[in-house]
Amino acid sequence: LRVSGKNQNSDLVSKEANVKVQLKSFLKVSNVEVNGDDDGELSLSDANKVKFGLKNEHTKDMKADSIKVTVTLLDDKNDEVVSEDLDLPDKLANGEDVEVTVELDLKNEDLDDNEYTLEITVEGKDTDSNTHKTTYTQTVKVDRSDEEVSISRADLTNSKLLCVSKTALYVTLKNNGDKDFDN
(Lines give C-alpha, C1' and ligand atoms only; values in the text may rest on other atoms or scores of the structure.)
Protein backbone atom coordinates (compact mmCIF):
# COMPACT_ATOMS: atom_id res chain seq x y z
CA LEU A 1 0.00 0.00 0.00
CA ARG A 2 1.48 3.35 -0.99
CA VAL A 3 0.08 6.65 0.30
CA SER A 4 1.27 9.94 -1.19
CA GLY A 5 0.49 13.52 -0.24
CA LYS A 6 1.96 16.83 0.77
CA ASN A 7 3.02 17.90 4.22
CA GLN A 8 2.40 21.39 5.72
CA ASN A 9 5.45 22.73 3.79
CA SER A 10 3.91 21.47 0.52
CA ASP A 11 6.68 18.88 0.17
CA LEU A 12 5.71 15.61 -1.50
CA VAL A 13 5.57 12.82 1.12
CA SER A 14 5.12 9.11 0.40
CA LYS A 15 4.76 6.13 2.77
CA GLU A 16 4.61 2.43 1.93
CA ALA A 17 3.39 -0.54 3.97
CA ASN A 18 3.05 -4.24 3.18
CA VAL A 19 -0.50 -5.49 3.39
CA LYS A 20 -1.46 -9.17 3.29
CA VAL A 21 -4.77 -10.02 1.71
CA GLN A 22 -6.55 -13.25 2.61
CA LEU A 23 -8.49 -14.59 -0.34
CA LYS A 24 -12.07 -15.63 0.25
CA SER A 25 -12.29 -19.40 0.37
CA PHE A 26 -14.60 -20.82 -2.24
CA LEU A 27 -14.68 -24.26 -0.58
CA LYS A 28 -17.86 -24.76 1.46
CA VAL A 29 -18.62 -27.49 4.02
CA SER A 30 -22.31 -28.25 4.60
CA ASN A 31 -24.79 -30.88 5.83
CA VAL A 32 -22.49 -32.41 8.45
CA GLU A 33 -23.73 -35.71 9.90
CA VAL A 34 -22.17 -37.83 12.62
CA ASN A 35 -23.24 -41.47 12.47
CA GLY A 36 -26.15 -40.64 10.15
CA ASP A 37 -27.62 -37.72 12.12
CA ASP A 38 -27.08 -33.92 12.10
CA ASP A 39 -27.00 -34.05 15.92
CA GLY A 40 -25.29 -37.44 15.96
CA GLU A 41 -23.35 -38.63 18.94
CA LEU A 42 -19.89 -40.19 18.96
CA SER A 43 -19.61 -43.89 19.70
CA LEU A 44 -16.75 -45.19 21.83
CA SER A 45 -17.29 -48.80 20.79
CA ASP A 46 -17.86 -48.52 17.00
CA ALA A 47 -16.18 -46.57 14.21
CA ASN A 48 -17.80 -43.14 13.74
CA LYS A 49 -18.76 -41.95 10.27
CA VAL A 50 -18.52 -38.22 9.69
CA LYS A 51 -20.28 -37.36 6.43
CA PHE A 52 -20.55 -33.89 4.87
CA GLY A 53 -21.06 -32.04 1.64
CA LEU A 54 -18.12 -30.22 0.06
CA LYS A 55 -18.81 -27.66 -2.65
CA ASN A 56 -16.51 -25.68 -4.91
CA GLU A 57 -18.24 -22.30 -5.20
CA HIS A 58 -15.45 -20.91 -7.37
CA THR A 59 -15.62 -20.30 -11.13
CA LYS A 60 -12.38 -22.30 -11.43
CA ASP A 61 -11.69 -25.98 -10.80
CA MET A 62 -9.81 -27.13 -7.72
CA LYS A 63 -6.80 -29.33 -8.49
CA ALA A 64 -7.15 -33.01 -7.59
CA ASP A 65 -3.73 -33.35 -5.98
CA SER A 66 -4.19 -30.37 -3.70
CA ILE A 67 -7.54 -30.93 -1.96
CA LYS A 68 -6.94 -32.16 1.58
CA VAL A 69 -9.62 -32.85 4.17
CA THR A 70 -8.77 -33.09 7.88
CA VAL A 71 -11.34 -34.12 10.48
CA THR A 72 -10.15 -33.47 14.04
CA LEU A 73 -11.75 -34.06 17.43
CA LEU A 74 -10.72 -31.44 20.01
CA ASP A 75 -11.23 -31.47 23.77
CA ASP A 76 -12.35 -28.46 25.85
CA LYS A 77 -8.77 -27.11 25.87
CA ASN A 78 -8.62 -27.31 22.03
CA ASP A 79 -6.10 -30.16 22.27
CA GLU A 80 -6.30 -32.76 19.51
CA VAL A 81 -7.83 -36.05 20.61
CA VAL A 82 -7.85 -37.80 17.24
CA SER A 83 -7.43 -36.68 13.64
CA GLU A 84 -7.95 -38.25 10.21
CA ASP A 85 -6.68 -36.94 6.89
CA LEU A 86 -8.17 -37.63 3.49
CA ASP A 87 -7.04 -36.59 0.01
CA LEU A 88 -9.81 -36.30 -2.55
CA PRO A 89 -9.03 -38.44 -5.60
CA ASP A 90 -10.64 -36.29 -8.30
CA LYS A 91 -10.64 -32.62 -9.15
CA LEU A 92 -13.50 -30.58 -7.80
CA ALA A 93 -14.95 -28.75 -10.79
CA ASN A 94 -16.37 -25.26 -10.47
CA GLY A 95 -19.80 -25.48 -8.87
CA GLU A 96 -19.39 -29.20 -8.10
CA ASP A 97 -20.76 -30.61 -4.86
CA VAL A 98 -19.46 -33.95 -3.51
CA GLU A 99 -20.21 -36.05 -0.45
CA VAL A 100 -17.22 -36.87 1.76
CA THR A 101 -17.12 -39.57 4.46
CA VAL A 102 -14.34 -39.91 7.05
CA GLU A 103 -14.18 -42.53 9.79
CA LEU A 104 -13.04 -41.73 13.33
CA ASP A 105 -12.18 -44.73 15.49
CA LEU A 106 -12.34 -43.83 19.18
CA LYS A 107 -12.21 -47.36 20.63
CA ASN A 108 -8.73 -46.90 22.08
CA GLU A 109 -9.17 -43.28 23.15
CA ASP A 110 -9.82 -42.21 26.74
CA LEU A 111 -12.63 -39.70 26.34
CA ASP A 112 -13.74 -38.49 29.75
CA ASP A 113 -15.73 -35.43 28.65
CA ASN A 114 -19.30 -35.62 27.37
CA GLU A 115 -18.81 -33.02 24.60
CA TYR A 116 -16.03 -32.40 22.08
CA THR A 117 -15.47 -30.08 19.13
CA LEU A 118 -15.53 -31.65 15.70
CA GLU A 119 -13.39 -29.59 13.33
CA ILE A 120 -13.44 -30.12 9.56
CA THR A 121 -10.71 -28.32 7.64
CA VAL A 122 -10.62 -28.37 3.84
CA GLU A 123 -7.74 -26.86 1.88
CA GLY A 124 -7.19 -26.84 -1.85
CA LYS A 125 -5.63 -24.94 -4.73
CA ASP A 126 -7.48 -23.69 -7.76
CA THR A 127 -6.12 -23.88 -11.30
CA ASP A 128 -4.37 -20.51 -10.75
CA SER A 129 -2.56 -21.99 -7.68
CA ASN A 130 -4.47 -19.77 -5.22
CA THR A 131 -4.98 -21.54 -1.88
CA HIS A 132 -8.51 -21.84 -0.49
CA LYS A 133 -9.05 -23.00 3.09
CA THR A 134 -12.19 -23.29 5.16
CA THR A 135 -12.79 -24.64 8.67
CA TYR A 136 -16.14 -25.84 10.00
CA THR A 137 -16.69 -26.60 13.70
CA GLN A 138 -19.52 -28.33 15.52
CA THR A 139 -19.99 -29.50 19.10
CA VAL A 140 -20.66 -33.23 19.34
CA LYS A 141 -21.73 -35.30 22.32
CA VAL A 142 -20.44 -38.71 23.34
CA ASP A 143 -23.00 -41.53 23.37
CA ARG A 144 -22.79 -42.95 26.88
CA SER A 145 -25.22 -45.35 28.41
CA ASP A 146 -25.20 -45.85 32.17
CA GLU A 147 -23.53 -49.24 31.91
CA GLU A 148 -21.30 -49.72 28.88
CA VAL A 149 -18.15 -51.77 29.22
CA SER A 150 -16.16 -52.87 26.19
CA ILE A 151 -13.23 -55.21 25.67
CA SER A 152 -10.41 -53.16 24.21
CA ARG A 153 -7.86 -55.98 24.05
CA ALA A 154 -7.71 -59.75 24.58
CA ASP A 155 -4.56 -61.91 24.38
CA LEU A 156 -3.89 -65.60 24.85
CA THR A 157 -0.49 -66.58 26.26
CA ASN A 158 -0.42 -69.70 24.07
CA SER A 159 -1.98 -69.28 20.64
CA LYS A 160 -2.35 -73.05 20.01
CA LEU A 161 -4.65 -74.90 22.36
CA LEU A 162 -4.38 -78.66 22.82
CA CYS A 163 -6.17 -80.87 25.29
CA VAL A 164 -3.13 -80.84 27.58
CA SER A 165 -2.10 -77.22 27.07
CA LYS A 166 -2.55 -74.56 29.66
CA THR A 167 -3.05 -71.00 28.65
CA ALA A 168 -4.16 -67.75 30.18
CA LEU A 169 -6.47 -65.17 28.71
CA TYR A 170 -5.66 -61.53 29.44
CA VAL A 171 -8.49 -59.08 28.85
CA THR A 172 -8.40 -55.29 29.03
CA LEU A 173 -11.77 -53.72 29.80
CA LYS A 174 -12.77 -50.13 29.21
CA ASN A 175 -15.66 -48.41 30.97
CA ASN A 176 -17.44 -46.16 28.44
CA GLY A 177 -20.49 -45.63 30.61
CA ASP A 178 -21.51 -43.08 33.19
CA LYS A 179 -21.45 -45.47 36.16
CA ASP A 180 -18.38 -46.77 38.01
CA PHE A 181 -17.99 -50.50 38.67
CA ASP A 182 -16.33 -52.36 41.55
CA ASN A 183 -14.79 -55.82 41.34
Check: [X]/[Y] side-chain N/O donor and acceptor closer than 3.5 Å:
X    : Y   : answer
H58  : N94 : no
S129 : K63 : yes
T134 : S25 : no
N48  : S43 : no

Calculate, to the nearest 0.5 Å, the distance between atoms [atom1] and [atom2] belonging to [X] and [Y] respectively.
X    : Y    : atom1 : atom2 : result
N56  : L92  : CG    : CG    : 4.5 Å
L118 : K141 : CG    : NZ    : 15.0 Å
E33  : N35  : CD    : CG    : 10.0 Å
L27  : K133 : CG    : NZ    : 12.0 Å
I67  : K125 : CD1   : NZ    : 12.5 Å
K77  : D113 : NZ    : CG    : 7.5 Å

Salt-bridge present (D11, K6; N to O < 4.0 Å)
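A salt bridge is absent here (no side-chain N lies under 4.0 Å from a carboxylate O).
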May I ask you to say whether E16 pairs ionically with R2, meaning some side-chain N is under 4.0 Å from a carboxylate O?
yes
Under 3.5 Å: donor-acceptor pair, side chain of E57, backbone of E96
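Looks like no, no N/O pair under 3.5 Å.
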Scanning both residues in full, the closest heavy-atom pair of E109 with D105 reads CG-O, 4.3 Å
Heavy-atom closest contact (D75 atom, Y116 atom, distance)
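Answer, listing the atom of D75 first, then Y116: CA-CD2, 3.6 Å.
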Quick one, [X] and [Y] - any side-chain contact, counting heavy atoms below 4.5 Å?
X    : Y   : result
L104 : V71 : yes
D79  : L74 : no
D143 : L42 : no

Where do K91 and D61 land on the salt bridge (charged side-chain N to carboxylate O under 4.0 Å, His left out) test, with the steps shown first?
CA-CA 7 Å; K91 75 175 180 179; D61 295 346; 3.2 Å; yes
CA sep, side-chain torsions, deciding dist, call: T72, V82, side-chain contact (heavy atoms from CB on, under 4.5 Å):
CA-CA 6 Å; T72 308; V82 67; over 6 Å; no
Take K28 and L54 through the test side-chain contact (heavy atoms from CB on, under 4.5 Å) and record every step on the way to the result.
CA-CA 6 Å; K28 181 181 179 187; L54 175 60; over 6 Å; no
Check the pair K60 / D128 against side-chain contact (heavy atoms from CB on, under 4.5 Å), numbers first and verdict last.
CA-CA 8 Å; K60 300 186 181 289; D128 290 336; 2.7 Å; yes
For V100 and L86, run side-chain contact (heavy atoms from CB on, under 4.5 Å): C-alpha distance rounded to whole Å, both residues' side-chain angles, the deciding distance at 0.1 Å, then the answer.
CA-CA 9 Å; V100 179; L86 174 71; 3.5 Å; yes
